[in-house]
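Beneath this line is the structure, given in structure tokens, with notes to follow.
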2 protein chains.
Amino acid sequence: MHIQTAFRATNSSSQTGIGGSDPLSSTQSAAITLFPADAPIYAQGDEAHDLYMVEFGTVRISRVTSDGRRQITGFLTAGDVFGFEADDEHESCAESVDGAGVRVLRSACRGEPTAALLKMALKGLARTQQQLMLLGCRSANARMAAFLLDLSERQANDHEVHLPMQRNDVADYLGLTFETVSRTLRFLKDAGMIRLKTISDVQFLDRDALEQLCE
Amino acid sequence: MHIQTAFRATNSSSQTGIGGSDPLSSTQSAAITLFPADAPIYAQGDEAHDLYMVEFGTVRISRVTSDGRRQITGFLTAGDVFGFEADDEHESCAESVDGAGVRVLRSACRGEPTAALLKMALKGLARTQQQLMLLGCRSANARMAAFLLDLSERQANDHEVHLPMQRNDVADYLGLTFETVSRTLRFLKDAGMIRLKTISDVQFLDRDALEQLCE
DNA sequence: CGACCTGTTGATTCTGCTCAATCAACGTGG
DNA sequence: CCACGTTGATTGAGCAGAATCAACAGGTCG
């Protein structure tokens, strides 16, 4: 099974600054491919050729264990680059969450690596370590608070957060069950820390309390 | 406070193949520094200049949260390279676990990056993702089993594993308490999967059962 | 020998998982 | 239009497992 609905849009010069200089000036691939919700971008075991950059929407990176469980190892949004592998095979799979636009950076990984390429790899490393700290939080409430604050920072909005993914995805990201995710949001609501504007839009009522909670 | 007992040894050409060619031929720093147990190599907040390679012994990378808890984000052994940062400041701290020999790779990160450098960074990324999957294991027994098997692979020994770090470190690595670590080892012992040759040497009696457990 | 540190074990508490029911939103087809 | 099925989200009850608090054993070092 492969991508069907993926279409190609004209290149809309990404606003997603990486460092200062555009690291892709020599590797531009003008086409952006749209992956509808839940469409696979690459799968576990696929050969790893290229790198990818999210242009809009959200991409999830996940890995499935032999017992069928799924661990989401990252949610990526505009400007994030993914597809790095130590070997020539993808250890994780990448899927669109909500209809994501992805640009393929061909030949970015061919030849001698550039400083920009290294920087992107290090950014991926930093993201992964960040999530590691998140999973280190013992309580479910703390993890959720940390997750919301992390999203808030990425979305550059101190007062509100949009959750493009569903509860199941959040659960597999935080190492919880989706029931617990639901309960946790309810706890934060009852504690007066957040308000659920819609099912996927969270408004912060007491940011300090959230920050204190995830410590 | 800085390293005191650190001494410099003659360079013993490392056997720790990274890829095939020696990536450090142009960046050799002949000196190896010995860090005694628990000695800091660098601290959270230190300026990040160089990269480091473990020559012998074990190094732990950790991060402390504002509430005082510690999350160990990696145990590194001979051949592993660490010190990568996305920014110019160390987000984590590195300490010797058991008396570790560390070589500084000066200027490895200056100028244009090499393919070998990128490869090392990607290896670090892969290690971090591996641990992320480990933390994704729900049960304490599963985490411990996965940890032991992971160590076994790194030590290239199918029958036995040496634990250079103490229970407290294992706990902070696995996101458990040290009491639970103790109990978990006891469980694996009672289940006939392992034998504790010494307090820090674990012998596998039923490797298959361990592998099945951590699924 | 005593002080201290690491590790083990026990008892209790509490958190999150499991199993289950319910509800709201949506789409389909009669 | 409404009956029906589906899917995602919420909520409840009971239980298993890990954290917490506490006691104790073994080793090392002064």
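Keep in mind that what you see is a predicted model, and the values were worked out from it rather than measured. All chains are named by letter (A, B, ...) in the order of the sequence lines, taking the proteins before the strands, and each is independently numbered beginning at 1.
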- OP1 or OP2 of dA19(D) less than 4.0 angstrom from a side-chain nitrogen or oxygen of T177(B), does that happen here? yes

- Query: What's the closest nucleotide to the R138(B) side chain, out of dT20(D), dG7(C), dT18(C)?
  - Reply: dT18(C)

- Message: Regarding D206(A) and R195(A), does a basic nitrogen lie under 4.0 Å from an acidic carboxylate oxygen?
- Response: no

- Task: Take the protein atom CG of D169(A) and the nucleotide atom C1' of dT7(D), then report the distance between them rounded to whole Å.
- Result: 14 Å

- Item | R127(B) bridged to D80(B) by N-O distance under 4.0 Å | yes

- Message: Check this for me: does the side-chain of R183(A) come within 3.5 Å of the base of dT18(C) through a donor and an acceptor?
- Response: yes

- Message: Using only modelled atom types and a 3.5 angstrom limit, is any donor from either the side chain of E179(A) or the base of dC19(C) paired with an acceptor on the other?
- Response: yes

- Across the strands shown, which category fits L185(A) at heavy-atom distances under 4.0 angstrom: base, sugar-phosphate, nothing? nothing

- Message: Do F82(B) and V102(B) make a side-chain contact, defined as non-hydrogen atoms from C-beta onward lying under 4.5 Å apart?
- Response: yes

- Query: What integer distance in Å separates M144(B):CE from dT8(C):C1'?
  - Reply: 13 Å

- Query: Between dT6(C) atom C1' and D172(B) atom CG, what is the distance in whole Å?
  - Reply: 15 Å

- Task: Write down the distance between CG (L163(B)) and C1' (dT6(C)), rounded to a whole number of angstrom.
- Result: 14 Å

- Item | Separation of atom CG in N141(A) from atom P in dC14(C), rounded to whole Å | 15 Å

- Query: Can you tell me how far C1' of dT10(D) sits from CG of N168(A), to the nearest Å?
  - Reply: 14 Å

- Task: Nearest whole angstrom, please: distance from the C1' of dT15(C) to the CG of L213(A).
- Result: 14 Å

- Query: Counting side-chain heavy atoms from C-beta on, which of dT9(C), dA9(D), dT8(C) comes nearest to I199(B)?
  - Reply: dT8(C)

- Message: If the threshold is 4.0 Å, N to carboxylate O, is there a salt bridge linking R207(B) and E211(B)?
- Response: yes

- Item | Protein-nucleotide distance (L196(A), atom CG; dG8(D), atom P), rounded to Å | 18 Å

- From I72(A) atom CD1 to D169(A) atom CG, the distance as rounded to the nearest 0.5 Å: 4.0 Å

- Query: Of F178(A) and T180(B), whose closest DNA chain D nucleotide lies nearer the 5' terminus?
  - Reply: F178(A)

